[in-house]
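Data block below; observations after.
Below, chains carry the letters A, B, ... as their sequence lines are ordered, and counting in each starts from 1.
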There are 2 protein chains.
Amino acid sequence: MSTRRGSPTIVDVAREAGVSIKTVSRVLNHEPGVHESTRDQVLKVVEALRYRPKQSARSLAGGRSFLIGLLYYDPSAIFVGSVQQGATVRCRELGYHLVVESLHNDAPDLRQQIDRMVLALRPDGMILTPPLCDNPEVLAALRESGTPCVLMSPERDIRGVPSVRMDDVHAAEEITNLLISLGHRRIAFIKGPADQSASAARYEGFVNALRAHDIQPDPELVQPGAFTFASGRDAAHQLLSRRQRPTAVFASNDDMALGVLAAAQRLGLSVPGELSVAGFDDSPTAALVWPPLTTVRQPVAEMARTAVEMLVQGHRAEASAVDEAELHKVLPHELVVRDSTRAR
Amino acid sequence: MSTRRGSPTIVDVAREAGVSIKTVSRVLNHEPGVHESTRDQVLKVVEALRYRPKQSARSLAGGRSFLIGLLYYDPSAIFVGSVQQGATVRCRELGYHLVVESLHNDAPDLRQQIDRMVLALRPDGMILTPPLCDNPEVLAALRESGTPCVLMSPERDIRGVPSVRMDDVHAAEEITNLLISLGHRRIAFIKGPADQSASAARYEGFVNALRAHDIQPDPELVQPGAFTFASGRDAAHQLLSRRQRPTAVFASNDDMALGVLAAAQRLGLSVPGELSVAGFDDSPTAALVWPPLTTVRQPVAEMARTAVEMLVQGHRAEASAVDEAELHKVLPHELVVRDSTRAR
DNA sequence: CTGAAAGCGCTTACAG
DNA sequence: CTGAAAGCGCTTACAG
């Protein structure tokens, strides 16, 4: 009986395997320079004892916590869900754990909350989601503490700070191209709020596509919006009461597109028969409404997986000359064509 | 200069404050028996040095990790979001951190994944959400490891295992009462899948309310469903083509209620003019559809807060004679009356 | 009310 | 290819 009480420690494994604890440590950390037979013997004992090294001991002695932090402030619930799905799975594969913290973007004690996480837990890296990844106070606190970060979909990239994002301009261009290929020429666009960079990017993509097809952008067909259901509904009411109605509306996010759907229904306009509608985000609701919404799926889970990888690898690479281009990754999105768009 | 390199340790604080590290430890852990002036002096130095005790060292020495684990398997994204919101905030207030792990309910290596979390991290407690909280394998693994757990909305309570839930029967009763008070008598009900206990509970509440008002439950007005949009839509098609239509439909979750809305629209029936519709869950979509859905809000964030508290307090109380009734908490829900229901 | 000593379970240099 | 020693930064008994 080697395990008298509690769970086995590295000492139990070493004794049982007839080696020193240092050798057990080498095997567990995949360090080179261990004879294969020794390695096998150790692994056998590890298995038999169901031994797992204790994170707190490894962390204290080795300076790595095997913890990745995720900071978020209530972005749409679905966003958090996908981020976590991607992040926890990749963390597990790499032997890490994910610690989450929900912060208020303008909490008075934001700095203290971050300090608490960083100083007490010492995570090996931190993932920041919007809008926290654009908060100067948050970024400063993290930089001071020397905690490696990856920004997910930040407003704009920061030199030297890793980030992952998708290409909003290109995606908006693709969705506009789809509408054009369906024969639409009078295509309306509902913008997002001016203070979010995605708004400008999506609008840019929309205009690019029109121009590429020699379609003159009509200012009358561009309405402001706020990325909310109500703003989409109101914008649609404006657009659909124009003397010459658009045949398609590209709402630059799904919540607004749902508003457009509601407005069309209110006005007795059939979608997609009399009006095509496209959104952006692929929110869970997008597939549930009637008709199901054509939209763009953001690679959220993949971005989270990538963020974890960058953090873990970055730790290995230990700084040094990292190419700036390598620091800012752009992941492919996916056009989701459903029933809300149709050829005219 | 006391901090030559890296962040300050308890030794730095002790030296600076002119006391032993044991005294610093006492102050930080709110242990009694420290002179007030000594305490103040220590706290001043702690503040000045921005000192935070390192979790790994506390954990290794003290046997408490200050980590709470959250295990989930893709319940609706909104559910996870709310659980986390509630849990992380309460953890922060109590000096804990939340580690999340997304598991597959029927992964072949489920046991290993749990072991990894429990043995490596040694969380002080674990929160389980459906359907993991009903998975015997998960429960067994956790019991063996001696990790305290709280089950969130389990199918049924287990003696000796703490749980938090809402009262589905009562909530369904209330929503049915609302419909009855609006003058409805022919009220249809769409059931959930038979393998979920919430299905039976909600149906029970529905029947209770009818009986209390001397309304004979009509088998023709009860349709099976699967808690999905499509099943709700199909059930509604059945119900609304009956020779004598119901004047109200109570779908036992929101996704199905959205299906009912779609079906009604398809059939040219105005809601709530010709048909009242009620759901259950208060999903984010419920407020966005047209008309906004009358439903029941589950106190998800509050349940998570409570779960954290039970875990942290349980650790203090150190087992002993805990009242079984105290172990299973029922939190109040909230009726959300919106526009999809109207007096007939 | 306060402190000196031991120890938690690992990893990091450093030897051989 | 393998190991003995020191130490990470705290808390737990144990003294006084």
Side-chain angles (χ1 to χ4, degrees), chain A residues 2-42 46 49-67 95 119-122 124 315-316 318, chain B residues 2-42 46 49-67 95 119-122 124 315-316 318:
Chain A
S2 71
T3 31
R4 1 191 97 172
R5 66 188 96 184
S7 28
T9 72
I10 196 171
V11 175
D12 297 314
V13 177
R15 181 169 1 88
E16 203 82 353
V19 298
S20 72
I21 61 169
K22 175 62 207 171
T23 295
V24 176
S25 174
R26 283 198 183 90
V27 172
L28 260 19
N29 290 298
H30 307 100
E31 284 171 31
V34 179
H35 196 86
E36 201 178 305
S37 63
T38 312
R39 178 180 305 275
D40 288 348
Q41 169 64 6
V42 169
V46 164
L49 261 42
R50 309 188 110 243
Y51 167 74
R52 309 281 147 132
K54 212 165 169 172
Q55 178 264 347
S56 54
R58 295 183 82 183
S59 178
L60 185 57
R64 293 168 61 188
S65 66
F66 298 95
L67 256 25
L119 268 22
L121 239 36
R122 308 291 170 98
D124 292 336
H315 203 282
R316 287 187 190 138
E318 277 296 313
Chain B
S2 72
T3 31
R4 2 191 95 173
R5 66 187 96 183
S7 28
T9 73
I10 196 171
V11 175
D12 296 314
V13 176
R15 182 170 359 90
E16 203 82 354
V19 298
S20 72
I21 62 169
K22 175 61 207 171
T23 294
V24 176
S25 174
R26 281 199 183 90
V27 172
L28 259 20
N29 290 298
H30 307 100
E31 285 171 31
V34 179
H35 195 87
E36 203 177 306
S37 64
T38 312
R39 177 181 304 276
D40 288 348
Q41 168 65 7
V42 168
V46 164
L49 261 42
R50 307 187 112 244
Y51 168 72
R52 308 282 147 131
K54 211 164 169 173
Q55 178 264 348
S56 54
R58 295 183 80 183
S59 179
L60 185 58
R64 294 168 62 188
S65 66
F66 297 93
L67 257 26
L119 269 24
L121 238 36
R122 309 292 170 97
D124 292 336
H315 203 280
R316 286 185 191 140
E318 278 296 313

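Using a 4.5 Å heavy-atom cutoff, the side chains of R122(B) and S7(A) are in contact. Counting heavy atoms from C-beta on, the side chains of K22(B) and E31(B) come closer than 4.5 Å.
Remark: C1' of dT11(C) and CZ of F66(A) are 10 Å apart, rounded to the nearest angstrom. Rounding to whole angstrom units, CG of residue N29(A) and C1' of dA13(C) are separated by 15 Å. Rounding to whole angstrom units, CZ of residue R52(A) and P of dC10(C) are separated by 13 Å. For D12(A) and dC10(C), the CG to C1' distance is 13 Å, given to the nearest whole Å. The nearest whole Å value for the distance from the CD atom in Q55(A) to the C1' atom in dC10(D) is 14 Å. In this entry the distance linking NE2 of H30(A) with P of dT11(C) reads 12 Å, nearest Å. Atom NZ of K54(A) and atom P of dG9(D) are 18 Å apart (whole Å). Separating the CG atom of L60(B) from the P atom of dG7(D) is a distance of 17 Å, rounded to the nearest angstrom.
Atom NE2 of residue H35(B) and atom CG of residue D40(B) lie 9.0 Å apart, to the nearest 0.5 angstrom.
Of the side-chain N and O atoms in S20(A), none sit less than 4.0 angstrom from OP1 or OP2 of dT2(D). Residue S25(B) has no polar side-chain atom (N or O) positioned under 4.0 Å from OP1 or OP2 of dC10(D). Between dT2(C) and T23(B), no contact under 4.0 Å exists linking OP1 or OP2 to a side-chain N or O.
When each of I21(A) and A61(A) is assigned the nucleotide of DNA chain D with its nearest heavy atom, I21(A) is the one assigned upstream, toward the 5' end. Between A57(B) and H35(B), the residue whose closest nucleotide on DNA chain C is further toward the 5' end is H35(B).
Considering only the side chain of V19(B), dG3(C) comes nearest among dG3(D), dG3(C), dC8(D). Across dG9(D), dT12(D), dT2(D), the shortest atom-to-atom separation from the side chain of R26(A) is found for dT2(D).
Residue K22(A) is in base contact, counting any heavy-atom pair closer than 4.0 Å across all strands shown. At the heavy-atom level, T38(B) lies under 4.0 Å from the strands shown only through sugar-phosphate atoms. Residue contacts for V11(A): at a heavy-atom cut-off of 4.0 Å it reaches no nucleic acid atom on any strand shown.
The side-chain contact (heavy atoms from CB on, under 4.5 Å) test with V24(B) is passed by exactly one of V34(B), I10(B), N29(B), V11(B): I10(B).
Checking T38(A) against R26(A) by side-chain atom types alone, no donor-acceptor pair falls below 3.5 Å.
Across all strands shown, dC1(C) forms a Watson-Crick or G-U wobble pair, both distances under 3.5 Å, with dG16(D).
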